[in-house]
Engineer: 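I'd like to ask you about the structure that follows.
For this chain, numbers begin at 1 and follow the sequence in order.
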Amino acid sequence: MLTCLITACKQKSTPVRLTLSKDRKSITVSGLSEIELNGIARDSMPMEAWQSLLAVTKSDTADTASFEPVLIGRYSIANHLIIFTPDSGFKKDVHYNARFYLLNEDDGPLDMVFKHRKLGQPAYIEMRF
């Protein structure tokens, strides 16, 4: 019986994904656990902290993405998603790069902001569009 309880309490791990909305107006991050989302939602994070968690830049290649300024926009959490909507919208003929820095469930808010990682774990996922 104890084994059944332990197994039932474990959350099924889903991969974290970055997705561009169909109308190309926002980017969503899905696949985060309730613990991660609650930790982020509970803290009133300044814009710099949001940008260090989910950075969206204009970019032609991955190499130039880190040199471009991070886009300004609105970050929110709704329906188990983190949503980023840029202030100026995504332009049709411009290339963008979105990078979400992965979290560990045992990380605290400062660990998320300062990107403390354990060896062997990937640091981020990325999407170019």
Engineer: Test side chain to side chain contact (heavy atoms under 4.5 Å, CB included) on Ile27 and Ile83; report intermediate values, then the result.
Structural biologist: CA-CA 6 Å; Ile27 293 175; Ile83 303 163; over 6 Å; no
Engineer: Nearest 0.5 angstrom please: Thr28 OG1 to Ile77 CD1, how far?
Structural biologist: 13.0 Å
Engineer: What closest approach, in Å, do Thr85 and Lys25 show between heavy atoms, and which atom pair accounts for it?
Structural biologist: CG2-O, 3.4 Å
Engineer: Using every non-hydrogen atom in the two residues, find where Ile82 and Phe100 come nearest and quote the distance to one decimal.
Structural biologist: CD1-CE1, 4.1 Å
Engineer: Do you know which two heavy atoms are closest between Gln51 and Ile72, and how far apart they sit?
Structural biologist: NE2-CD1, 3.5 Å
Engineer: Can you tell me how far CZ of Phe84 sits from CZ of Arg74, rounded to the nearest 0.5 angstrom?
Structural biologist: 10.5 Å
Engineer: Between Ser21 (side chain) and Ser26 (backbone), is there a donor-acceptor pair under 3.5 Å?
Structural biologist: yes
Engineer: Please report the closest heavy-atom contact between Arg128 and Asn97, naming both atoms and the distance.
Structural biologist: CG-OD1, 3.1 Å
Engineer: Between Tyr124 and Glu126, does the side chain to side chain contact (heavy atoms under 4.5 Å, CB included) criterion hold? Intermediate values first, please.
Structural biologist: CA-CA 7 Å; Tyr124 57 85; Glu126 202 166 41; 4.0 Å; yes
Engineer: Could you measure the distance from the CZ atom of Arg99 to the OH atom of Tyr101? Nearest 0.5 Å is fine.
Structural biologist: 4.5 Å
Engineer: Once you round to the nearest 0.5 Å, how far does CG of Leu53 lie from CD1 of Ile40?
Structural biologist: 5.0 Å
Engineer: Taking the six-membered ring for Trp, is the centroid-to-centroid distance between Tyr96 and Phe90 below 6.0 Å?
Structural biologist: yes
Engineer: Just by modelled atom types, is the Leu81 backbone N or O under 3.5 Å from a matching donor or acceptor in the Asn79 side chain?
Structural biologist: no
Engineer: Which distance, rounded to the nearest 0.5 Å, do you find between the CD of Glu36 and the NE2 of His80?
Structural biologist: 13.5 Å
Engineer: Closest approach of Leu18 and Val29, non-hydrogen atoms and distance?
Structural biologist: CD2-CG2, 3.5 Å
Engineer: Donor-acceptor check, side chain of Tyr75 to backbone of Met45, threshold 3.5 angstrom: yes or no?
Structural biologist: no
Engineer: Heavy atoms only: give me the nearest Val16-Gly31 pair and the separation to one decimal.
Structural biologist: CG2-O, 3.9 Å
